[in-house]
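A short worksheet on the structure shown next.
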Amino acid sequence: MMSNHNQAPEQDQLYRIRHSAAHVMAQAVLEIYPEAKIAIGPPIDTGFYYDFDLGKTEEGKVRTFSSEDLEQIEKRMRQIIAGKHPFVFREVDAAEARALFSDQPYKLELIAGLEKGEVDEYGNEVKDKPAISTYRQDTFEDLCRGPHVEHTGQIPPDSFKLMSVAGAYWRGDEHNPMLQRIYGTAWRNKKDLNEHLQLLEEAKKRDHRKLGRELEIFIFEEEVGPGLPLWLPNGGVIIQELERLAVEVEQQAGYQRVKSPHLAKEDLFLHSGHLPYYAESMYPPMELEGVRYYMKPMNCPFHHKIFGAKPRSYRDLPLRLAEYGTCYRYEKSGELFGLMRVRSMQMNDAHIYCGEDQFEQEFMGVIGLYRQYFNLFGIDRYVMRLSTHAQKGLGKKYVDNQRLWLKTEDMVRRAMDNGGVPYVEVPDEAAFYGPKIDVQIWSAIGREFTLATNQVDFAVPARFDLVFTNREGKEETPLCIHRAPLSTHERMIGFLLEHYAGAFPVWLAPEQVRVIPITMEHNEYAERLALELQATGVRSDADLSSERMNAKIRNAQLMKVPYMLVVGDQEVANHAVALRKRDGSRINDLPFGAFLELVKQNIASRSSDL
RNA sequence: GCCGUUGUAGCUCAGUCGGUAGAGCGGCGCACUCGUAAUGCGCAGGUCAAGGGUUCGAGUCCCUUCAACGGCUCCA
C-alpha cells in the first residue's frame, strides 16, 4: 500500500514502533540461530522486515526459516518486549564499528559504505557523509541511525504479526547472494492490526485473478503456456469495447490505423536496437530456410517502416500511426502475475512522428488523452513518473548519446512543467531509446505496476534513416513519441477488474441486461424482450432455466449483470418490466420502451452510473 | 531466473498411522411454476500435476520436472 505521509516519517511513533520491532525480531532470530548473519531491517508501509543469512546446511543447501520458526520467533519477540529493555543510542567511529561487527560481514560492508559517505545503512545513496551510530536493546546491538521507541515495552505486543518468509537479494542486486527475509506487520494497537488483516482479506476478494475466473473473463491453460492468457467470451466483449473506445478517440485525435505482423526477420530487430538492448526479454528465434525470425516485443520497428514507406514532408507531420498490436515478451517465470504481467499482450500502441517544434504540443496532446481516459474510468489513484537515463548504463541499457538524452529529458521536463502536470522523477528507469513518462498504479494486493506509458525516442528513427523534408527543403530526422495510454488489454483489464471489483459500467459489462421470467409462462415474453434488446445492440439474455426467480436473480447478481428485468403477469400485460439494478435499487412497472431508452442512453454516454 | 510454499472432480476444499478416493457448489436428468440474492430428488464426473524411486501395498514417504502462489530481481 502507499503511504502518503512523506514529511519526516522518522518522527512518527508508528515508524519507531516498526523499526524497533525489526530490531527485536533480529535479536530473537540471533538467539535461535546464533550463527546467523544480519543484513538490514527497515520499517515499511505496513510494518517491517529484516534480512538474514542463515548460512548453509550440512548438505550445502541454503538454510531457511520454516513456518514453525516464525511462531517461535514471534513468541520470543513478545518475551523481549515484555522485558521493557531501553533502546540505547551511541555514536562510534569506523574502527569501533568494525570491531563491534567483526563477525557480521554485511554490517562491515555497510560500515565501509558509511565511511566513504556513499550510502546509508539501508544501502541508499546519501549526499552528506553520515555519522556512524548504533542502537542497543537487551543483548542486541545494531548499526542504526534510528530513531526507536524508548524501550521495547512501547511496542504493543498484540499489534504485530510475522507474515511471511521470502528470498531477497543482498542490496537488491540479483548478482548478490540471496538472503532470507522475514516480513512482519506492526501497528499502534490491536484494532489497527485487525483492520489491516481484514483489508488484506478484502483485497483478495477483488484480486483480478479470482474475479477473472468467477466472471469468466479469462483463464490460463497449462498446455497453452505460462503467461499466455485465453480470453473467454466475456473477456472478448471487454476487449472489443476498449478497442472501439480507442478507435473513436484516436480518430478524433488525428491518428491513422495501421496493422503489422506478429514476427519479423532478425535484421529488423538488429536494426531497431531491440536485439542489442532488449534481447533478454524476447522469445528465442525460429529459423526457416536459413533466416531467423523473432516474435515482436514492440510494434515500433514496423511503424518506423511504415513511416519510411514513402518520402515524407513537414506537411505530413505530425504523423500518428496507431495499432492494437500483439507483442510477445519472454518475462522470467517468477515475474508472471495473472493478467498484470504476461508474455503475450495487445498494446494500445501508437507512434507519433513530429518535428522538434511540434514536440511539446504532441506530447501534451498525449497527456491529454491519458486524462480523458482516466476521467472516463474514474482512475484517480496514480502517479506520473518521469524515467530518465543513468550515465553508467550508456551503451549497455541505453543508446550511447548523452547529449541527446539530456536534451530530450529536458524537453519532457519542460513540457510537463509548462502543462502543470505533477510528476516524480526516477533516474535509470528509461527505455533504451529515450526517457518516458509512466503512469503507476497499484493492484488490489498492493503491487505497483506501470499502467500507461509515454516515451520519447530520439534514437531509433535515425537508425532507420527516417527523414522528412522541412520547410527549407532539407532532410530532417523526426522525433518519435511512443504512447500507450490504455496500456495493454491484459494489464488494463486486470486493472479494471480490480478497480471496479468486477462490477463494470454498463458499456463495458459483458452482459448488460438479463431478463428474468417469473414462471415458465413468461418465458416467451422474456425471450422477446431479450431479442429486441439484442437487435438494438444491447448485450442481453433471457434466463429460461427451470430455476426459481430468486435463484435467477442471485445468479445474475453474482455475475454482476448491471440490469435485471423481472417479468411476470403484470409486466406482460403492460408491456413493461420490473427493473432491478445491480446495486439492488428497483423501478417497478417501467414501460419497456422507457427502459430501452435508458440503456441505450447509458451505453452511448459510457456512463459510470447505473 | 532466485528463495520459500502449494498442486486431489469445472470451482472451493476434506482425505487420520501408507491399505486402490469424498463433500459442497457447478453440469446433466426428472419433478416443482414460484414477485426481487440459493426448490427438491437423482445421475455423471478423478491417470490424486507429470515422471521416477522406496514398499507386499503410495493421494499420503523420497527424488526430478512442470505449474500456481508469497517475495526478490525485472516490466505494458
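All values below were derived from every heavy atom in this structure, side-chain atoms included, with hydrogens, water molecules and symmetry-related copies excluded. Here is the naming used below: chain letters follow the sequence lines, and residue numbers restart at 1 for every chain.
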Regarding A:Glu214, tell me which of base, sugar-phosphate or nothing describes its non-hydrogen contacts under 4.0 Å with the strands shown. nothing

Under 4.0 Å, counting only non-hydrogen atoms across every strand here, what does A:Ala578 touch: a base, just sugar-phosphate, or nothing? base

With the side chain counted from C-beta on, respond yes when A:Arg371 and A:Val421 share a heavy-atom pair under 4.5 Å apart, and no when they do not. yes

Check the phosphate of B:A37 against A:Arg580, side-chain N and O only, distance under 4.0 Å to OP1 or OP2. Yes or no? yes

Watson-Crick or G-U wobble partner for B:U64, using a 3.5 Å limit on both distances? B:A50

Hey, does A:Ile32 have a side-chain heavy atom less than 4.5 Å from the side chain of A:Gln72? yes

Please work out if A:Asn176 contacts a base, only the sugar-phosphate, or nothing of the nucleic acid, heavy-atom cut-off 4.0 Å. nothing

What is the nucleic acid contact for A:Ser333, judged by heavy atoms within less than 4.0 Å: base, sugar-phosphate only, or nothing? base

Counting any heavy atom closer than 4.0 Å, what does A:Gln180 reach on the DNA or RNA strands: base, sugar-phosphate only, or nothing? sugar-phosphate

Heavy atoms only, 4.0 Å cut-off, all strands: where does A:Glu571 land among base, sugar-phosphate and nothing? base

Is any side-chain N or O of A:Arg213 closer than 4.0 Å to OP1 or OP2 of B:U12? yes

Sort out the partner of B:A58 for me: Watson-Crick or G-U wobble, both distances under 3.5 Å, none otherwise. none

Same-atom distance (C1') from B:U12 to B:C56, integer angstrom: 37 Å

Quickly, which of A:Phe495, A:Trp442, A:Tyr382, A:Phe337 forms a ring-ring contact (aromatic ring centres under 6.0 Å, His included) with A:Phe449? Name it, please. A:Phe337

Check this one for me: any side-chain N or O of A:Arg554 less than 4.0 Å away from OP1 or OP2 of B:U39? no

When both distances are under 3.5 Å in a Watson-Crick or G-U wobble arrangement, the nucleotide paired with B:G22 is B:C13

Under 4.0 Å from OP1 or OP2 of B:G70: is there any side-chain N or O of A:Arg447 that close? yes

Contact class for A:Gly172 vs. all strands (heavy atom < 4.0 Å): base, sugar-phosphate, or nothing? sugar-phosphate

Would the base of B:A76 count as contacting A:Ser487 through its side chain, where contact means a donor and an acceptor less than 3.5 Å apart? no

So which of A:Gln455, A:Glu323, A:His482 actually passes side-chain hydrogen bond (donor to acceptor under 3.5 Å, both in side chains) with A:His351? A:His482

Base, sugar-phosphate, or nothing for A:Phe220, non-hydrogen atoms under 4.0 angstrom? nothing

Nucleotide B:C3, atom P - distance to NE2 of A:His175 in whole Å: 16 Å

Under-3.5 Å donor-acceptor pair between A:Arg491 side chain and B:C75 base: yes

Taking atom P in both B:U65 and B:U5, what distance in whole Å separates the two? 15 Å

Return no unless some side-chain N or O of A:Tyr49 is found under 4.0 Å from OP1 or OP2 of B:G71. no

Between B:G40 and B:C25, how far is it from one P atom to the other, in whole Å? 8 Å

Are any of A:Gln455's side-chain N or O atoms less than 4.0 Å away from OP1 or OP2 of B:A76? yes

Using OP1 and OP2 only, check whether a side-chain N or O of A:Arg209 sits under 4.0 Å from B:C69. yes

Which one is paired to B:C30, where only Watson-Crick or G-U wobble pairs with both distances under 3.5 angstrom count? B:G40

Over all strands shown, is A:Asp569 touching base, sugar-phosphate only, or nothing at heavy-atom distances under 4.0 angstrom? base

Under 4.0 Å between a side-chain nitrogen and a carboxylate oxygen: does that hold for A:Glu174 and A:Lys332? yes

Stepwise salt bridge (Lys or Arg N to Asp or Glu O under 4.0 Å) check, A:Glu250 with A:Arg483: CA-CA 12 Å; A:Glu250 285 162 6; A:Arg483 41 112 281 179; 3.0 Å; yes

In plain terms, say whether A:Asp207 and A:Arg209 are close enough for a salt bridge, that is, a side-chain N and a carboxylate O under 4.0 Å apart. yes

Rounding to the closest angstrom, what is the interatomic distance between B:U60 and B:C41 at atom C1'? 36 Å

Output yes when at least one side-chain N/O atom of A:Lys436 is less than 4.0 Å from OP1 or OP2 of B:A76, else no. yes

Considering only the C1' atoms, how many Å lie between B:G52 and B:C11, rounded to the nearest integer? 31 Å

Take the protein atom CG of A:Leu228 and the nucleotide atom P of B:A68, then report the distance between them rounded to whole Å. 10 Å

Write down the distance between CZ (A:Phe337) and P (B:G70), rounded to a whole number of angstrom. 6 Å

Considering every strand and a 4.0 Å limit on heavy-atom distances, what is the contact class for A:Met345: base, sugar-phosphate, or nothing? base

